[in-house]
Peer 1: 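Mind looking over this structure? Questions follow.
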Amino acid sequence: MMATNPYELPSVPQVWQPADLEQAWEAKQALGDDGRFAAGGTLLRTQWESGLVPMPRHLISLEGIASMRGVYALYTAGASELHIGALTTLSDGAQHALIERQAPALTEACKRIAAPSVRRQGTLGGNVLSQVGDSIPALLVNDATLVWYQGSGWTEQLLNDWLEQKKKDPAPERKILSHLMLNTTEWGLDGEKGLQKFVKVGRREAFTASVVTVALAMSDVPRKNGSLKYIRLAVGGGASPVIRLTEAEQLLLDKPLSGKLLGQIHSSIQAQWPAAHDAFASSDYRKLAAANVLVAELWKLLKSSSS
Ligand SMILES: Cc1cc2nc3c(=O)[nH]c(=O)nc-3n(C[C@H](O)[C@H](O)[C@H](O)COP(=O)(O)OP(=O)(O)OC[C@H]3O[C@@H](n4cnc5c(N)ncnc54)[C@H](O)[C@@H]3O)c2cc1C
């Protein structure tokens, strides 16, 4: 492994370029908290340039690790998964045919993050590990699992569980996120059934920070009694926690869609999501916007199924 800056200038981090996961892991063990993993570096650079976090003394660049790239589908008896390398750039995510077919909410999320120059460098792994990335709601509605590398091997962790863990311990990860695994089984092999939506509400139409970001995945044709057999709802926005709206999901499952039910969903979304209050939007505004956007999508479904 070569360091690209052997002189260790005080104002420039020393960059390490491991060739594989094992080398990256060893570098992290040797450098401890002085070494930060870097993928596209777009978030890290912004954080240290704005003084939010100190510039690390060492950067462990993951860019050269081939096993962290690539997108492929895995089909086993009765199940399907979509594997996405953590180094997949946001612009590749926005254009990948397999992602578009199997997880269209994620395609839309990638298209709506930052401007093209950032999307060409920024990665999906880095977006998730920011803990507030716009891709997270789209990944949550696809039951995403994080696959970590930590020296002795790989471990799997549901994205939802990791987000819960981060609420208690938001410190940067010491493990390496190798790839993301989406469960596309219930959603339908090759997206043959169901529909997904991703909506980002910002203060401007394009290239803007999110006020509210929502995603949903559901069966597109309600059963004969008008109920949904599959539903996932997720929300985030600004520095708010990104969560699955499990209470609204429970309300929706196996009950015929109706105006009255949608009213309950609207209240439930606002009650469950602890939206952040900041200079861009109040907590109440965020909650209302999220409830309005999600209920509007469900309303469209109700209308189309009754026409
Ligand atoms: C102008 C601008 C606009 C932006 N707009 C948006 C936006 O609209 N929406 C949005 O969600 N984000 C936005 N971002 C934030 C950022 O660009 C994205 O979140 C991007 O996806 C981060 O990916 P990265 O590869 O650059 O991460 P990096 O900066 O390389 O890393 C981010 C964090 O993750 C860690 N890390 C990265 N990859 C791994 C890994 N595989 N294993 C372990 N640790 C890892 C790093 O140590 C660091 O803590 C914007 C940034 C800029 C500069």
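Just so you know, ligand 1 is whichever comes first in the structure, and atom 1 is the first atom listed for that ligand.
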Peer 1: Side chain or backbone, does D134 bring an N or O within less than 3.5 Å of an N or O on ligand 1?
Peer 2: yes
Peer 1: Evaluate T46 for polar contact with ligand 1, using N/O atom pairs at a separation under 3.5 Å.
Peer 2: no
Peer 1: Which option, T123, L21, L43, owns the non-hydrogen atom nearest atom 15 (C) of ligand 1?
Peer 2: L43
Peer 1: Could you note down all residue pairs passing ring pair (Phe, Tyr, Trp, His ring centres under 6.0 Å) where residues 98-130 supplies at least one of them, sequence neighbours left out?
Peer 2: none
Peer 1: Polar contacts were defined as any N/O atom of the residue lying under 3.5 Å from an N/O atom of the ligand; does this apply to P172 and ligand 1?
Peer 2: no
Peer 1: When you check the side-chain N and O atoms of H277 and D284, is any donor under 3.5 Å from an acceptor?
Peer 2: no
Peer 1: Would you say the side chains of W162 and E173 form a donor-acceptor pair under 3.5 Å?
Peer 2: yes
Peer 1: Going by atom types alone, do T155 and Q150 pair a side-chain donor with an acceptor below 3.5 Å?
Peer 2: yes
Peer 1: Relative to the ring of H83, is the ring of Y72 parallel (under 30°), tilted (30 to 60°) or perpendicular (over 60°)?
Peer 2: parallel
Peer 1: List ligand 1 atoms under 4.0 Å from A114, heavy atoms only on the residue side.
Peer 2: 3 (C), 4 (C), 5 (N), 6 (C), 7 (C), 8 (O)
Peer 1: Please confirm whether L90 comes within less than 3.5 Å of ligand 1 when only nitrogen or oxygen atoms on both sides are compared.
Peer 2: no
Peer 1: For ligand 1 and F37, I'd like to know whether there is a polar contact (N/O to N/O, distance under 3.5 Å).
Peer 2: yes
Peer 1: Applying side-chain contact (heavy atoms from CB on, under 4.5 Å), name anything that partners E49, two or more places apart in sequence or on another chain.
Peer 2: R45
Peer 1: Under 3.5 Å, N or O to N or O, is E173 touching ligand 1 that way?
Peer 2: no
Peer 1: Do I176 and ligand 1 have an N or O pair less than 3.5 Å apart?
Peer 2: no
